[in-house]
Each structure stands twice: as structure tokens, then as C-alpha cells.
Amino acid sequence: MNSSAQITATIDGVELSIPQDSTGFTLFTEKSVVALRVNGELRDLSYTISQADTVEPVHLESPDGLNILRHSAAHVLAQAVQTLNPEAKLGIGPPIKDGFYYDFDVDKPFTPEDLRALEKEMDRIIRSGQRFVRRVTNDAEASIELANEPYKIELIGLKSSTQDVGEASAEVGAGELTIYDNFDVKADSVVWKDLCRGPHLPNTRMIGNGYALTRVAAAYWRGNQTNKQLQRIYGTAWPSKEQLREHQVHLEEAAKRDHRRIGAELDLFSFPEEIGSGLAVFHPKGGIIRKVMEDYSRARHEQSGYEFVYSPHVTKANLFETSGHLEWYAEGMFPPLKLDEELDEEGNVKRQAQDYYLKPMNCPFHCLIYKSQNRSYRDLPLRMFEFGTVYRYEKSGVLHGITRARGFTQDDAHLYVARESIGVELTNVLNFVLDLLRDYGLTDFYLELSTKEEGNPKFVGSDEIWKEATATLAQVATDSGLELVPDPGGAAFYGPKISVQAKDAIGRTWQMSTIQLDFNLPERFDLEYTAPDGSKQRPVMIHRALFGSIERFFGVLTEHYAGHFPPWLSPVQVVGVPVADEFSSYLHGIATELRSSGVRIQIDDSDERMQKKIRNHTLSRVPYILIAGAEDIANDAVSFRFRDGSQINGVPRSEAIARILKDIAEKIQV
RNA sequence: GCCGACCUGGCGCAAUUGGUAGCGCAUCGCACUUGUAAUGCGAGGGUUAGGGGUUCGAGUCCCCUGGUCGGCUCCA
């Protein structure tokens with residue numbers, strides 16, 4: 001056998017001489033390599049290496065590898081759908097976090113039974129070991145070949161017109177237009193094909209059994225509300241069945257922590273249908289948690305130089321005309337109340353109605369407070385804080401328990417600062433925010449910096465001030481030492497912002513606090529202060545919410561702790577369980593002592609058995625159960641039982657009391 | 001707002017092809033007086049989210065309204 005000509009390429013970081021017809025298959029024989037990265041581009045394993053290429057293997061377990069796995073699974077799903085329903089038209093089918101989806105235009109929506117049938121068909125396709133074969137085509141040929149796929153034709157058109165194809169980049173992305181053929185070796189023929197940029201796994205068999213179809217939902221074609229709705233099937237896919245199972249366990253864990261479920265279980269809050277969608281009432285237990293949160297927040301704000309203000313829930317339209325909300329936020333507001341209209345006998349308007357609106361935001365009110373007197377540079381920074389209840393007419397489909405509601409209370413503050421002190425003030429605010437979040441038990445953060453989109457005329461304020469403010473925000477963020485993720489173009493039209501993203505106990509990320517600069521409202525309200533040189537200057541406003549909304553933060557904490565609130569937040573901090581009735585007066589004595597220090601303690605002297613009491617109070621997440629019987633009393637002691645079932649027996653009474661008080665005071669989780 | 005699924009005593013669930021609402025927990029009463037996750041017995045409680053329709057008959061079928069859930073879109 002002749003040795004073929006050699007070429008030189010960098011393979012996995014090493015420069016090697018390799019046969020000139022080398023492909024990923026010949027270079028990497030480990031089964032875990034599913035694709036290649038050639039000169040930075042993802043390629044199929046079958047890609048032929050050229051002279052001077054830099055080639056790296058893509059392992060199945062890597063982020064790229066997982067995406068390829070999931071993308072290939074999406075293809076198999078689409079093939080299964082068209083096998084079972086040849087009339088189904090293909091939309092797009094990209095990989096997403098943990099899985100994939102594929103959109104279809106079908107006459108009848110899919111049912112859960114359809115999903116089971118589709119999984120069966122997918123299994124068959126996977127087991128049949130079809131090869132994914134890449135084929136380069138062109139607009140004209142592809143259009144003929146895919147004449148029955150109107151959505152794909154549209155994508156081809158978009159690609160050639162170089163429009164932004166958004167999520168559809170998985171199908172037609174940059175570069176050549178390609179089709180992937182599914183080649184069935186046994187049948188010796190192409191059994192299915194899809195317009196796709198690739199790359200794919202070499203073979204359907206590699207998808208294995210670590211996948212599942214999860215749900216169906218409608219989705220607008222190309223994400224545009226004015227387009228037709230397609231039926232979307234979501235799936236999840238993993239390198240192994242075990243990893244799939246792990247993922248499912250994680251979802252179950254998340255479901256167990258769902259604040260809507262825990263809120264009902266622990267009797268924290270509810271959404272009575274009589275009140276209306278997205279409007280919650282807090283029950284006594286939820287009320288305690290909320291009050292403690294608010295009290296602590298107030299105390300901290302007080303220490304940090306904030307002044308407390310209050311504003312009404314309704315206002316005449318005029319205020320929101322000045323602020324601009326009616327111009328650009330009207331659809332997020334409840335419709336106006338029309339007041340004081342008077343008609344004469346003929347029904348003609350004698351006196352025109354006044355429109356009043358429920359406030360969707362507090363800032364305009366605070367601007368009026370600012371304006372209530374002439375301000376000096378000596379007054380700045382002026383920090384106004386309010387637990388301001390706002391009402392927003394969220395679309396019915398977006399409501400989600402207490403984290404996305406129609407009425408909620410923001411821990412809102414507006415800081416009016418001189419331009420030159422923005423940096424100092426922002427640093428203070430960010431430190432304040434992080435410090436307070438840590439007190440509530442969130443410790444894992446990163447920051448997101450949302451900046452102006454260059455060249456977009458919607459942004460108000462001079463380039464100069466944007467530049468300066470953005471640089472200041474970036475500096476402050478960098479100084480915090482936290483990871484900073486840029487969000488270019490994500491700024492509001494009126495100013496850049498930093499948002500704090502917090503990870504919860506099971507690794508989910510929640511957007512928490514936002515710190516937002518505003519060049520717009522000071523302008524609209526014509527806010528001024530007198531500078532040392534006697535000139536009138538315009539302050540900059542910083543909007544800042546720490547919890548975002550108390551309700552939302554409450555929901556996040558509920559999920560973070562899975563209802564096991566730390567003692568300082570627990571509605572009932574201690575329950576005393578006597579072994580028998582005769583011991584309850586001893587526990588009442590301890591309760592009196594604890595209660596005088598503000599501890600929320602109850603003695604359960606109902607006539608249930610003590611085992612039952614322990615079960616009940618454990619299920620209701622009481623941090624400390626104090627048990628006392630003859631033994632304990634003899635030693636002037638008490639026995640602790642914790643939520644996890646662990647216990648410490650015979651703790652001297654004074655020690656027990658000291659421990660409880662200390663844990664509460666230091667906000668320790670138990 | 002759009003698509004789909006769903007709504008049965010306080011909570012979680014059940015009720016063959018439409019045949020006239022059951023269970024567990026919780027609640028109340030009685031007994032038991034207990035050492036670490038459910039003591040026993042008994043009782044009360046729903047006309048099936050609200051309204052309309054089809055039918056001899058509707059929790060089951062159809063329509064409208066409200067609400068919930070999963071997505072889409074939205075969350076300056």
C-alpha cells in the first residue's frame with residue numbers, strides 16, 4: 001500500500017505530519033470525540049483536514065459536544081414527527097440549555113400520548129444507526145429540494161438577504177448553505193434530510209438513551225407575535241441515561257422548592273380568585289417573614305443615610321405625562337379611573353373627567369419631593385427610600401406566583417447625585433446591596449453591566465455623559481471583585497445599569513438588585529441644584545431596588561431555602577413539645593423567657609401524641625423543636641430537635657436559650 | 001395577549017362508554033397521657049370555578065366568563 005502524501009496540521013495543540021486525506025475519524029479514535037473544531041469552526045468528524053489546519057477534538061461531555069448531541073436529537077425528533085405525520089412542516093430545531101426543541105406546523109397540537117409515540121419512533125431511528133451526512137447545496141437547489149418546507153424556504157431567503165436570522169442560525173448560520181442527509185446503511189438510502197448548518201454526531205446511535213421529550217407548547221414562528229404559532233416540542237438530552245436521571249432529579253428538586261407550592265403548604269400567602277390574577281394576600285405566617293424582611297431592610301437603610309418617604313398609589317395622568325410613562329409604558333399600566341365627570345340634562349359634558357392612574361413606578365413621586373424646594377449641592381446626595389406598592393398590568397400569560405405579579409411592593413430608592421460624585425455613590429450603593437443580600441443568605445453573585453447600543457438614537461443624554469457613567473459603573477463593578485458579564489445594548493434608553501445576579505442553593509440564577517443611572521427624569525422634571533459657584537446644575541438620578549420587589553425576593557428566598565428559612569426569618573422559631581401534659585408548664589416557663597427576648601415560640605400542648613407533634617412541626621419547617629420530659633426537667637435541661645431530624649439531648653436550659661438567641665441575632669442558618 | 005392542558009369539600013386525589021359524587025390528610029367530638037416523623041373511634045363538610053346550552057339524565061359533551069399551569073411574546 002502506497003503511503004499517501006503528508007500534510008502538516010496542529011492536532012490538539014501538537015504540530016504533526018498527517019496523511020493528507022485525514023479526517024476526524026482517523027485522527028481521533030476515542031469514542032468520546034464527536035466532532036472537531038477546525039481553525040475555530042465546529043466541523044463534523046468526517047471533515048477532511050487541510051494543510052496548516054488547527055484541529056481540536058470536541059468531546060461529547062463538553063459544552064460544544066452537548067450542543068451537538070442535542071441538536072442531533074432535535075433532528076431525530078423531526079424525523080420521527082414526519083414519519084408519523086408526513087404533513088408536518090418543519091420550523092427550526094436548535095439545542096438549548098439542557099436540551100433542544102423543534103417547531104412544527106401541524107393541524108392538530110401534539111398530545112402527551114403523541115410524545116410517547118414519538119419517543120418510540122425516535123428510539124427506532126436511533127437504534128437504526130443512521131449516519132448524518134453533510135452536503136453543500138445552494139439557494140436554487142435547496143429551494144427545489146425543500147419545496148414542501150415553506151419555513152425552510154423562508155430561512156434560505158433570509159440567509160441570502162443577509163438578514164439577522166436569530167435563533168434560526170442553527171439551520172442556516174454563516175457560511176455555505178448545507179443539508180444534512182440521514183443515511184440508513186441497511187436500507188442503503190437517504191431516509192430523511194434537513195436544512196442545517198451542523199455539525200452533527202456521526203451517527204444517530206450515539207444519541208443513546210439519555211434523552212426524553214418533555215413538553216409541548218406553542219411558539220411564534222421566528223419569535224414574532226404577529227407570525228403564525230407553531231407547535232414546539234421540547235426535549236432534554238444527555239450523554240447517558242444516568243445524567244438524564246440526574247437532570248430529572250434536579251427538576252424534581254426545583255419543583256419541590258417552587259414557592260407557589262411551599263407558599264400554600266406553609267400557609268404563607270395565596271391568590272384568591274376573588275381579588276384577581278396576580279394579586280396576592282399574605283397570611284399571618286407569610287406576613288411575619290415579610291415584616292422581618294422589611295424591618296431589617298428599613299433599619300439598614302436608616303443606618304446608611306436614606307430618608308424615608310411615602311407616596312400615594314394613584315395619581316392624575318399629568319404626572320405620568322411629565323415622566324413619560326404614558327408615552328412609553330402605557331400598556332404596562334392599569335387603565336385609568338375616570339373621576340368627577342358631570343353631565344347636564346342633555347347628557348353633554350359639563351365638567352370633564354379627570355384620569356387617575358394606579359402607579360406602576362415610584363420615581364415620579366420622588367422627583368416631585370425633590371422639586372418641593374430649591375436644592376443646594378449641600379443637600380446631595382439626596383437618598384429617598386420607600387416601600388412603594390406599584391401596580392402593573394402584566395399580560396395574563398406571564399404571571400408567575402409571587403415573583404411576577406400585578407401588584408407588588410418595591411424596596412425602591414432614588415438617589416439624586418451631582419455628576420462628579422456618581423462614582424462614590426455607586427460604590428456605596430453596590431456595597432450596600434451586596435452586603436444586605438448576604439445577610440439574607442445569598443452569597444454567590446455576579447454582575448451584569450448593561451450598556452448603550454452604539455448608534456441607536458433612542459438613547460437620551462450626551463455621548464459624553466454615557467461614556468463617563470458607563471466607565472464609572474464598570475470601574476465600580478470591577479472594584480467589587482465580582483465577575484462582570486457585559487450586556488451590550490441592554491441598557492434602558494435613559495441610562496446604563498448594573499444588575500446583581502444571585503445563584504440559589506441549587507445553582508439557579510436570579511436577577512436581584514438593579515442599580516440604574518437615569519439622565520432622563522431629571523431632565524423631564526427639570527430638576528436642579530445650586531452648585532458652589534452659584535450656577536444651576538442638573539443632578540443625575542440613580543434608581544435602585546435591592547429586592548426588586550419584596551414579593552419577588554420572598555419567592556426567591558422561599559425557593560433558595562426550600563421553605564427552611566433561617567431562624568431569624570422563620571414565622572415560628574421554636575416549638576416546645578412536652579413528652580406528656582404534666583411537663584408543659586416547664587416549657588411554658590422557657591417560652592416566657594424566650595418571648596421576652598422577642599423569640600416567636602409556641603408550646604404545643606394539644607392532645608396529639610408527641611411523635612405526631614414532632615412530625616407536624618418538622619413538616620412546617622420550625623427550626624428548633626424543644627422537647628422536655630421528666631429527665632430534662634430533673635436536670636433543668638431541654639432536648640433540641642432540628643429540621644433535619646438531628647438532635648441534641650439534655651442541653652442546660654440557659655445554654656439552650658443562649659444558643660437560640662445567638663442564632664437568631666447572627667442570622668445563622670440551622 | 002397567543003397556543004395547549006387543567007379547575008371536584010381547607011389541601012392532595014378518585015368517580016367505566018353521560019346514570020345522579022368517594023378516599024386520605026386537615027377540622028370538630030370522645031377516649032387514650034404518651035421520650036423523638038402519623039393513637040383509636042365517631043361526626044360534620046362538596047351539587048363538582050361561575051353562567052348558559054345539549055340530554056329523560058351532565059363532574060363527565062358544547063359555548064361564554066374567571067382562574068391555574070406549561071410555553072411563546074413581554075419584563076424600559
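Each chain gets a letter, A, B and so on, in the order its sequence line appears, and its residues count up from 1.
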How about OH on A:Y329, more than 12 heavy atoms from neighbouring residues, nucleotides or ligands closer than 6.0 Å, or not?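 Yes.
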Other residues, nucleotides, ligands: >12 heavy atoms within 6.0 Å of A:E331 CD: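 No.
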Nearest-nucleotide pick for [X], side chain only, options being [options]:
| X | options | value |
| --- | --- | --- |
| A:K612 | B:rU39, B:rU33, B:rC72 | B:rU39 |
| A:E631 | B:rU73, B:rG35, B:rG71 | B:rG35 |
| A:S277 | B:rG67, B:rU73, B:rA37 | B:rG67 |
| A:R615 | B:rA38, B:rG70, B:rC32 | B:rA38 |
| A:S639 | B:rG35, B:rU73, B:rU39 | B:rG35 |
| A:A580 | B:rU34, B:rG71, B:rU36 | B:rU34 |
| A:S396 | B:rC72, B:rC3, B:rG1 | B:rG1 |
| A:Q611 | B:rU36, B:rG1, B:rC69 | B:rU36 |

Parallel, tilted or perpendicular, judged at 30° and 60°: which one describes the rings of A:H414 and A:Y416?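 If you compare the ring of A:H414 with that of A:Y416, the planes turn out tilted.
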Taking any strand in view, what nucleotide pairs with [N] in a Watson-Crick or G-U wobble way, both distances under 3.5 Å?
| N | result |
| --- | --- |
| B:rC28 | B:rG42 |
| B:rG35 | none |
| B:rA58 | none |
| B:rC75 | none |
| B:rG22 | B:rC13 |
| B:rG70 | B:rC3 |

Whether the side chain of [X] and the base of [N] hold a donor-acceptor pair under 3.5 Å is what I'd like checked.
| X | N | result |
| --- | --- | --- |
| A:R643 | B:rA37 | no |
| A:Y220 | B:rG71 | no |
| A:R404 | B:rC74 | yes |
| A:R392 | B:rC75 | no |
| A:D632 | B:rG35 | yes |
| A:E394 | B:rC75 | no |

When you check the phosphate oxygens OP1 and OP2 of [N], does a side-chain N or O of [X] lie under 4.0 Å from one of them?
| X | N | answer |
| --- | --- | --- |
| A:R641 | B:rU36 | no |
| A:T618 | B:rA37 | no |
| A:R261 | B:rU68 | no |
| A:R260 | B:rU68 | no |
| A:Y393 | B:rC74 | no |

Rounded distance (Å) that lies between atom [atom2] of [N] and atom [atom1] of [X]:
| X | N | atom1 | atom2 | result |
| --- | --- | --- | --- | --- |
| A:F269 | B:rG10 | CZ | P | 20 Å |
| A:I614 | B:rU36 | CD1 | C1' | 4 Å |
| A:R232 | B:rC2 | CZ | C1' | 13 Å |
| A:R406 | B:rC74 | CZ | C1' | 13 Å |
| A:D267 | B:rC25 | CG | C1' | 15 Å |
| A:D644 | B:rA37 | CG | C1' | 13 Å |
| A:K613 | B:rU39 | NZ | C1' | 13 Å |
| A:L230 | B:rG71 | CG | P | 18 Å |

Quick one: label [X] by what it contacts on the DNA or RNA (base, sugar-phosphate, nothing), any heavy atom closer than 4.0 Å.
| X | answer |
| --- | --- |
| A:A218 | base |
| A:A264 | nothing |
| A:E331 | nothing |
| A:N649 | base |
| A:I625 | nothing |
| A:Y234 | sugar-phosphate |

Please state the [atom1] separation for the pair [N] and [M] - nearest whole angstrom.
| N | M | atom1 | result |
| --- | --- | --- | --- |
| B:rU34 | B:rG42 | P | 25 Å |
| B:rU60 | B:rU54 | C1' | 14 Å |
| B:rG12 | B:rU8 | C1' | 12 Å |
| B:rG19 | B:rA38 | P | 40 Å |
| B:rA14 | B:rC61 | P | 15 Å |
| B:rA15 | B:rC6 | P | 14 Å |
| B:rG22 | B:rG44 | P | 13 Å |
| B:rG66 | B:rA37 | C1' | 40 Å |

Would a 4.5 Å heavy-atom cut-off, applied to side chains only, mark A:Y357 and A:F334 as touching?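 Not touching, per the 4.5 Å side-chain cut-off.
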Does a salt bridge link [X] with [Y], judged by any charged N lying under 4.0 Å from a carboxylate O?
| X | Y | value |
| --- | --- | --- |
| A:R257 | A:E253 | yes |
| A:R653 | A:D636 | yes |
| A:E265 | A:R261 | yes |
| A:K467 | A:D463 | no |

Specify the residue among A:V216 and A:Q231 whose closest nucleotide of RNA chain B lies further upstream toward the 5′ end.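 The residue whose closest nucleotide sits nearer the 5' end is A:Q231.
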Quick one: on RNA chain B, does A:D581 or A:G401 contact a more 5' nucleotide (nearest heavy atom)?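 Here A:D581 is the residue nearer the 5' end.
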Member of A:E149, A:E121, A:K89 meeting the side-chain hydrogen bond (donor to acceptor under 3.5 Å, both in side chains) criterion with A:Q82: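 Answer to the side-chain hydrogen bond (donor to acceptor under 3.5 Å, both in side chains) test with A:Q82 among A:E149, A:E121, A:K89: A:E149.
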Looking at A:W510, does the NZ or CZ of A:R552 lie under 6.0 angstrom from its six-membered ring centre and within 45 degrees of the ring axis?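 No, A:R552 and A:W510 do not form such a contact.
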